[in-house]
Structure formats: structure tokens, C-alpha cells
*Asks:* 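Before anything else, here's the structure in question.
Computed from a predicted structure; not experimentally measured.
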Amino acid sequence: MTKGFFLRLAADNIKKNKKTYIPYILTCILTISMYYIVKSLSLNPGVEKMIGGTTLMQLMFLGSWIVALFAFIFLFYTNSFLVKRRRKEFGVFNILGMEKRHLSIVLGWETLYVALISLSAGLIFGIALDKAMFLLIGKLLNAEIVLGFFIAPKALAAAVQLFAVIFVLIWLNAICQIHVSNPIELLQAGTAGEKEPKTKWLMAVIGTGCIAAGYYMAITVKDPLASILVFFMAVVLVIIGTYMLFTAGSIVFLKMLRKNKRYYYKTKHFTSVSGMIYRMKQNAVGLANICVLSTMVLVMVSSTSSMMVGMEDILVTRYPEDFTVYSNETELEKGEEMFDRVRNLQKEQGLQVAEEKQYTFLSFMAFQNGNTFQVEKGASISEFNAMNALFFIPLSDYNKIMGENKTLHEGEILLYSNRQQYNESVLNLFGKEYRVVEKLDDFISNGSMAANMESTQFIVVPKMEEMNEIYAREQEVYGEMTSPIRQVYSFDTEAEADEQRQFFDKLRSLIREEGFSGYSESRAAAETDFIGLYGGFFFIGIFLGILFVMATVLIIYYKQISEGYDDKDRFAIMLKVGMSQSEVKSSIHSQVLTVFFLPLLAAGVHVIAAFPLMSRLLVLLNFSNTNLYMACTGICFLVFTGMYVLIYMLTARTYYRIVSS
């Protein structure tokens, strides 16, 4: 063979297969550019200087690993469509005398061309968009934009290394597929018929069971802390069930349509249903992929956008007052001295205090079993759902802060539940029974309790002596790990955010330098980390959402092209035996619509089932506005459905052009 033959042949092959290669190359370019952008932002010193920038950079670093993993899996998956479409072509080359090692060389040059084009265009595109993404983050975080153009050499090197490895592995995988097949198998790859798949009732039942189990776990879990553990198990079960149900359940569904004579014996339904039954075995995985990706997009974008929109509510929930000072002093007089020094500091700095409150409380963990709360050191994972924080406060402090005049007798309590409701009329703790006189509708705001992962039962006891007795019993169980009786002093101010941050620095210095045991919190100071955290979540959610939408579009596109070429000869025969062009088009729409919207429908059901679990997970991030989350989820689903319909219209047109050409 002449010098340069393989190079020219590889280039010609890409040109001749441009319908499948161009979308693949565009996907590689976009994936490379997205990886570079996230990696570059995780290294950009300008991001670090923004409010909450350190937190954001950590999220970007995590996001770069997610994009890398996604790129590895997705590019392998899309390349499999290319290899499948070209197996017949490879068979022709093989029969004409080209050995398999020659085919490997040609594939190697094709992969190299794709890699060079994709890396060059992807990195240029990524560098160009990197500044735009930086400006977008600056807008999200209300940051002062740093002028200049930043290029991250480490991000460039990481992108080249990662995708070089991916392209080499893709090439090796294609070689393996060719070498294990003989020329006749390759030649007949495009024409070999599929046997009618058997109805796999057992797989359909198991798939349904997995999804039902995942749904049950998502809906029934009550405690936010337990939700973390349940989330991963539920996700795995639903993904496994989705693949099994699409593989077996879709065949069951199509065969049920075939048995429905009124539906099946119509021109447009007869050809579409019969064709899909025979091909569903190979299409089921693609449909399941579309469903899983759609669910991921909807869950990610709706949760991150709701947190971003409701960030102010989250901040107020976690930090109900502008400043909060917690005393861990064992002597209450020492705590009073600490708070007096804080008040003196307010006067020294000219800080105007709008409202203040001070109280004493005791808080520790217990495990609920009916109306009994058990206090023990160790806990297994299975007990997390029963874990509660118990928060005690004397009646005098409660009445003073809440402006009430309630009374309690020995053995009586008032109770407020912040997450998981307590429905019993009595409460047993350390062998003593307390009668719940009233279940309160509101309680004293407390940031540390709002930050707790567990549900909290806020309990008002008659006197301080009762709280001391409970503390003594707690010490017997926890020993050195005992949570002490603590005091808290919180106040609001009329000062601006910058002035509050300056005062907070002085407040922390005061506590540290004068040797007080305790710590302080400031809403204005915490706002910087909150903006970085939730702004980062929102950016990563939107960014990965775009990536997964792109993957969904490409899977659908390749699915339609693959089916179009498979159906081309079948519809040509139908035209020859008397089917009109309009009937062919009607049959195409029936075929696409019958199965095409099943992934979207299944994704919608998955999102609805996941809603209770996701709501509780968001509580761990101090987001408790369920109505806002519901609205964001609904809007995201409507927007995604609109995009899905648009994809259907475009791909159905492509499919029709192939089968009618």
C-alpha cells in the first residue's frame, strides 16, 4: 500500500460518515470545553478572591471529577453507535483484502483525527467561554469583577491527559470489537434480523420491585439524617429497576399493544409496533439511559435553583439574629460576665442594638421509641431514623422571650417539634414520665438547632431545677461527652453588613483574649460562605444539567439515525407493496411517539417519588421552603418537556429523511 494511504482513507471515512461523525465530534468538543472550564475555575485566583470563593473552588474541583467520569462513560457509549453503524463497512474492507491489523491502523488514524480536532476546538472554545463563566459566577455572587484574561496551564494539561487516555481506550475498544468478529459477521451486521424477544416476566417483576422499593424508601423516610443513607440506596435501586423495566417491561407493553386488535390492525400502528418489538432488545438500554439522564437533570436543576432563589430564607433560618453568642461556661455567673463584656463592647463600638434575648438551655441526643426517649452512647445506622435532639429550656426564660404567661406544674411540659412531629400525650425520659400540656405552634429561634441534621423536640420544663436534674442524668450516661447546660445571648442591630463584620472580628477577639469558654456567630459574616456554597451548587447544577441534556439529545439523535437505517429497507418494501408516503410518515410518527415519550413519563414519575426525600435532604442545607422547591420542580419539568418535544420534532424529521431517501 502506498505511503499515506491509511491517512487518506481515514479522512475519507470521516467525510463519508459525516452524519454520525459530526455530532460525535461536536459532543467531544463540548465535553472537553466544559471540563476545561470547570477545571480552570477551580484554579482561578480571581474566584478565590470573591465572597465565598474558597467554598466555590472546592465545589468546582469536585465538579471537574464528575465531568471527567461522565466524559469517560458517555464518549464510550456514543462511540459504540459509530462502530455499530460501520461494521458492514469494515466487513467489506476485510473481504476486499484489508487485514484486521490494517483496519486497526485506519481506526487509529480516524481516532487521532477526531482527538486532534476535538482537543484543539474544545480547548479554544473552553478558553473563550471560561471568562464568560467567570463573569457569570461574579454576577451570581455579587462580586467585584477582576479584569484580565486567565488561562490555566494545569487545566490545559489535565484536559489533554484525560481525553488522550479516553480516545486511546475508545480506539482499543473498537479494535477488540473488530478482531472478535469474522468478515461474514461484519458484512451481515446491518442486515442480520433480530429474533422476536421473549417476554421476560421475571425481569419485569424484579425491575418493578426495585423501583417500588426505591420509591417506598424515598417516601417513608422521615428523618433528614437517615435520608442521606436512604438516598444512595434508593438511587441505586431505581436505576437498576429502570434498566430492567425498560428492557423487559417495554417488550411486555408492546406485546400488549399487539394483542389489542382495535389498536394493532391499523396501518400506522401495525408496522411501528411490529418493528419495535423486534428491535426493543437493542433500544431498551438507550431509552433507560434517556430516562436516567432526564431524571438527573430535573432533580439537579430544580434543587439547586430552589436553593439559590431561597438563599435569603436559608440564611435567616440558620442565623435568626444578626449576632449570637454561646457560652459553654460551667458556672452561670461566668456566662453572665461574658455577656456583660459583649454589651460593653457594643457601647464601645457604638453598635446600635435593636432587639436582644438571653436564655439558658440544655441539648443532647436521644433515640425515640414510641413515647420513650432512650439516651445511649452508641448507635447503629438502623437507628438514625429514630434519632432526635432534645432541647430543654426553663419556663421563665420561655415566657420572657415569647411574651407569654404560661404556667406548668411538676411533671408537666410544653413541647414544640421542628421537623418530625411528636404525637404522644406523654414523654418518658430517664424513667420519668412528663405530661405534654400543650404542643406549641412556635418557639424561640435557635440557629444551632436549625443546623442540626436530626429532628428536634423543644421542651419547656417548669423550673431550672428540673433541667439540672436532667443534666445530672445525662452525665451518668455520656460521662466526659456530656453536653453542658449552656447560655445564649443574641441580638439584632441596625448596622450595615460591613460594620457588622468588623464588629464580629472584635467580638471573636474579645472571647479569645479574655479566656471565655464559648463562641459567636454572625449572619453577615456567614453570608459570604453561604453565597459561595449555594452559588456554587447552582452553577454546578446548571452546568451539569446542560451536559446531561446534551447527552440526552445525542443519545436520542443516534437512536433515531440507527433506527432509520435499520428501517429503511423495511419501509421501502412497504412502499412497493402499496403503502403511500403519507402512511409511511404516519407510521413513523406512531412508532416514535409510542416509545419516545416513555422515558420522559418515567422520569416525571421518578421526580415525583423522589420529592419527599429530596425535600428532607434540602433541610440538611437549611432549606425548608417546600412550596418554592415544588414550584421550581414544576417549572423545570415544563421547560424540559418543551425541549424534549423540540428534540422529538427534529429527530423525527431526520428519521423520516433517512427511511424515505
Side-chain angles (χ1 to χ4, degrees), residues 48-55 312 314-364 389 391-394 396-398 400-402 443-452 464 467-468 471 480-533 622:
E48 191 173 14
K49 293 175 184 176
M50 293 179 183
I51 294 176
T54 304
T55 305
E312 188 63 32
I314 296 171
L315 190 62
V316 172
T317 300
R318 175 60 184 88
Y319 300 95
E321 285 82 34
D322 291 337
F323 291 92
T324 305
V325 183
Y326 291 95
S327 168
N328 294 331
E329 298 287 356
T330 53
E331 297 178 8
L332 298 184
E333 292 78 10
K334 188 72 174 176
E336 289 287 351
E337 181 186 343
M338 176 181 175
F339 297 152
D340 287 340
R341 285 293 296 113
V342 173
R343 291 186 179 96
N344 289 336
L345 183 65
Q346 293 167 356
K347 295 174 182 176
E348 291 169 10
Q349 299 298 318
L351 190 74
Q352 296 295 319
V353 176
E355 186 179 347
E356 61 181 356
K357 55 188 176 186
Q358 180 181 332
Y359 57 90
T360 305
F361 73 94
L362 170 66
S363 175
F364 56 85
F391 181 99
F392 298 90
I393 183 173
S396 56
D397 284 353
Y398 173 81
K400 180 180 66 176
I401 294 170
M402 299 299 290
F443 201 76
I444 303 167
S445 55
N446 185 286
S448 65
M449 291 297 103
N452 263 0
M464 188 66 195
M467 205 159 77
N468 289 331
Y471 171 61
E480 294 180 356
M481 297 170 63
T482 301
S483 298
I485 292 177
R486 301 162 69 193
Q487 294 164 284
V488 60
Y489 169 59
S490 60
F491 54 95
D492 288 321
T493 77
E494 297 174 355
E496 297 295 327
D498 288 340
E499 187 180 346
Q500 289 186 36
R501 293 189 189 102
Q502 292 172 9
F503 179 82
F504 182 60
D505 290 338
K506 292 181 171 59
L507 178 59
R508 286 191 299 179
S509 298
L510 169 71
I511 295 171
R512 183 176 60 253
E513 291 170 4
E514 299 202 8
F516 290 115
S517 176
Y519 62 96
S520 58
E521 294 178 340
S522 163
R523 185 193 297 163
E527 187 177 5
T528 58
D529 289 332
F530 266 64
I531 290 173
L533 179 64
N622 300 302

*Asks:* Strictly under 6.0 Å, is that where the ring centroids of F364 and F392 end up?
*Replies:*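 Judged by ring-centre distance (under 6.0 Å), F364 and F392 do meet the cut-off.
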*Asks:* In a check of side-chain contact (heavy atoms from CB on, under 4.5 Å) between Q487 and each of N328, V325, L332, which one passes?
*Replies:* L332
*Asks:* Could you tell me which residues satisfy side chain to side chain donor-acceptor pair (under 3.5 Å) with R343, sequence neighbours excluded, listed by chain and number?
*Replies:* D340, Q358
*Asks:* Do R523 side-chain atoms and V316 backbone N/O form a donor-acceptor pair below 3.5 Å?
*Replies:* no
*Asks:* Answer with yes or no after comparing the ring centroid distance for Y359 and Y398 against a 6.0 Å cut-off, counting only values under it.
*Replies:* no
*Asks:* Determine the minimum heavy-atom distance between Y489 and Q346, stating which atoms define it.
*Replies:*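 Looking at all heavy atoms of both residues, the closest pair is OH-NE2, 3.2 Å.
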*Asks:* Output the distance between atom OG (S520) and atom CZ (F504), rounded to the nearest 0.5 Å.
*Replies:*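 Going from the OG atom of S520 to the CZ atom of F504 covers 4.0 Å.
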*Asks:* In chain order, what residues pass the side chain to side chain donor-acceptor pair (under 3.5 Å) check against T482, with sequence neighbours excluded?
*Replies:*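 With neighbours one apart ignored, the set is empty.
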*Asks:* Working to the nearest 0.5 angstrom, can you tell me the gap between R341 CZ and E348 CD?
*Replies:*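 R341 CZ to E348 CD: 5.5 Å, rounded to 0.5 Å.
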*Asks:* Is there side-chain contact between F443 and I393, with heavy atoms separated by less than 4.5 Å?
*Replies:*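 Yes, close enough: below the 4.5 Å cut-off.
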*Asks:* What pair of heavy atoms forms the shortest contact from M338 to Y326, and how long is it?
*Replies:*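 Here M338 and Y326 meet closest at CE-O, 3.7 Å.
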*Asks:* Taking it one step at a time, do E527 and R501 satisfy side-chain contact (heavy atoms from CB on, under 4.5 Å)?
*Replies:* CA-CA 10 Å; E527 187 177 5; R501 293 189 189 102; 4.1 Å; yes
*Asks:* Over all heavy atoms of both residues, which pair between A497 and A524 is shortest? Give the atoms and the distance, please.
*Replies:*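 It is O-CB, 3.9 Å.
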*Asks:* I need the Q502 CD to D505 CG distance, nearest 0.5 Å.
*Replies:*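 If I round to the nearest 0.5 Å, the distance is 8.0 Å.
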*Asks:* Can you measure from CZ (F516) to CD (E329) and round to the nearest 0.5 angstrom?
*Replies:*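 Reported to 0.5 Å precision, the distance equals 7.0 Å.
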*Asks:* Can you find a heavy atom in the side chain of Q349 that is under 4.5 Å from one in the side chain of E499?
*Replies:* no
*Asks:* Determine the sole option in V488, I485, D397 for which the side-chain contact (heavy atoms from CB on, under 4.5 Å) test with F361 is passed.
*Replies:*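 Of V488, I485, D397, side-chain contact (heavy atoms from CB on, under 4.5 Å) with F361 is met by V488 alone.
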*Asks:* For residues L351 and F491, determine if any side-chain heavy atom of one lies less than 4.5 Å from a side-chain heavy atom of the other.
*Replies:*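 Yes - at least one pair of side-chain heavy atoms lies under 4.5 Å apart.
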*Asks:* What residues, two or more places apart in sequence or in another chain, satisfy side-chain contact (heavy atoms from CB on, under 4.5 Å) together with Q352?
*Replies:*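 Q352: side-chain contact (heavy atoms from CB on, under 4.5 Å) contacts with E494.
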*Asks:* Looking at E321, is its backbone amide N or carbonyl O close enough to the side chain of D492 to form a donor-acceptor pair, meaning the two atoms are under 3.5 Å apart?
*Replies:*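 It does not hold such a pair.
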*Asks:* Enter the distance from D322:CG to E356:CD here, rounded to the nearest 0.5 Å.
*Replies:* 13.0 Å
*Asks:* Working to the nearest 0.5 angstrom, can you tell me the gap between R486 CZ and S363 OG?
*Replies:* 7.5 Å
